[in-house]
Amino acid sequence: MRDTDLYRHLLGLESPWTVAKVDLSVSTQRVDVAVEHPKGQKWPCPVCGDLLPVYDHSEERVWRHLDSCQFQTFLHARPPRVQCPKDGVHQVRLPWAEPKARFTLLFERLAIDVMQVTHIQAARQILRISWDVAWHILSRAVQRGLQRKEPRLIEHLGVDEKSIARGQRYFTLVCDLDLGTVEHIGDGRDKRSFETYLESLTDEQLAAITAIAMDMHEAYFQAALAKVPDAERKIVYDLYHITQHMTGAVDQVRRTEHKVLAEEGDNRLARTKYMRLYGQERVPRKYWASFYLLRKSDLRTAKAWALKENLRRLWRYKRLSAASSHWKSWYFWATHCRLDPVVKVAKMLKARLPQVFNYFIHRVTNALSEGINSKVEVIKNAARGFRNAERFKIMIWFRLGGLDLYPVTHGKS
Ligand SMILES: [Zn+2]
């Protein structure tokens, strides 16, 4: 009888449940534990809580539990049903699993913990579960979390577009920049994608927003303008998003120039795609030599890159007046450089200059915007482009939603 006692503890079984039988198979490396309850036991109706006698039992069901010493462990039971005069016939609550779950609560908790820190492929191997089971646990956890999500006041919002599968489809991500959590995932990247989120907020929530850091995307600007009081003063085009545009401009200049040079047999710009990725302080050591030569050259790419780096200095100023004079000299240089992609960005910034300078009032942190973006990229890369858009969304909620994902332990709630 001692092994049944041991398993009762291992399974965390609560009274009146006890272990009836333990089958251990060395060849299949599994343990099957049958649990039962005493005859004459009364059970609370899951709806009203009234104590009732057993009406009948459901078919035997099986739940995967935490492994015992590498042996996959399964719990077997026939759940009792009660007939309540008020609520009808119901299966009683089981202390080890959520209704309809195929796993015990402890297994689900472990699976959630593992999938939070590693990608699904690795989690599947650790937990010895199929792809479908992993997704089942994950999407249930997200569903649970979204249902429990309470509305709250958010001061600093971030809005970004995200592509899946190489720009085939876009999402709009709305983040709480202070907590670093994703608050909304809208389909597409048009005005409605952001507007639907703002429409879900109460007047109090809208008034609580003090700054919105966003990509320089006209649709988001218009959505904020339409829904957020005093939006012109709250929208911030920050270093992170503007740098993204400048980086794109540098890359366009580089590609065009490389084509022209390559036709003349000059391959100086071959394999310099990395240039667009790094700010001056972040160039990896292995590129130092070629980067130095490139910067010293008279190439148009070098000029575009220098313009990008010079613009980044704008955000280092503490005083608005100093930033403003830096802007003026940069703008003059940028609009006289004869690099079309750079001129385009310069004019775009000029058209929305108040929002660029709003940064000096709100100082929303770029680091967070950037941090959330890089985490989303990690999720995307781990799934090699996520052909299934819904799964990409679920994964973002799972990792970045700041949600309460765990199943509730019934005995304690
Ligand atoms: Zn009842």
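This is a predicted model, so every value here is computed, not measured. Atoms within a ligand are numbered from 1 in the order they appear, just like the ligands themselves.
The nearest N, O or S atom of Asp50 is not closer to the Zn ion (ligand 1) than 2.8 Å. Among the backbone and side-chain atoms of His90, none of the N, O or S atoms lies under 2.8 Å from the Zn ion (ligand 1).
The atom of Asp87 that is an N, O or S and sits closest to the Zn ion (ligand 1) is OD2.
Angle SG (Cys48) to the Zn ion (ligand 1) to SG (Cys84): 110°, rounded to 10°.
Relative to the ring axis of Phe221, Arg352 places its NZ or CZ within 45° and under 6.0 Å from the centre. Arg109 forms a cation-pi arrangement with Tyr406, by the criterion of a distance under 6.0 Å to the ring centre and an angle within 45° of the ring axis.
Using cut-offs of 30° and 60° on the angle between ring planes, the pair Trp96 and Trp63 is perpendicular. Using bins of under 30°, 30° to 60° and over 60° for the plane-to-plane angle, the ring pair Trp315/Tyr359 lands in the perpendicular bin.
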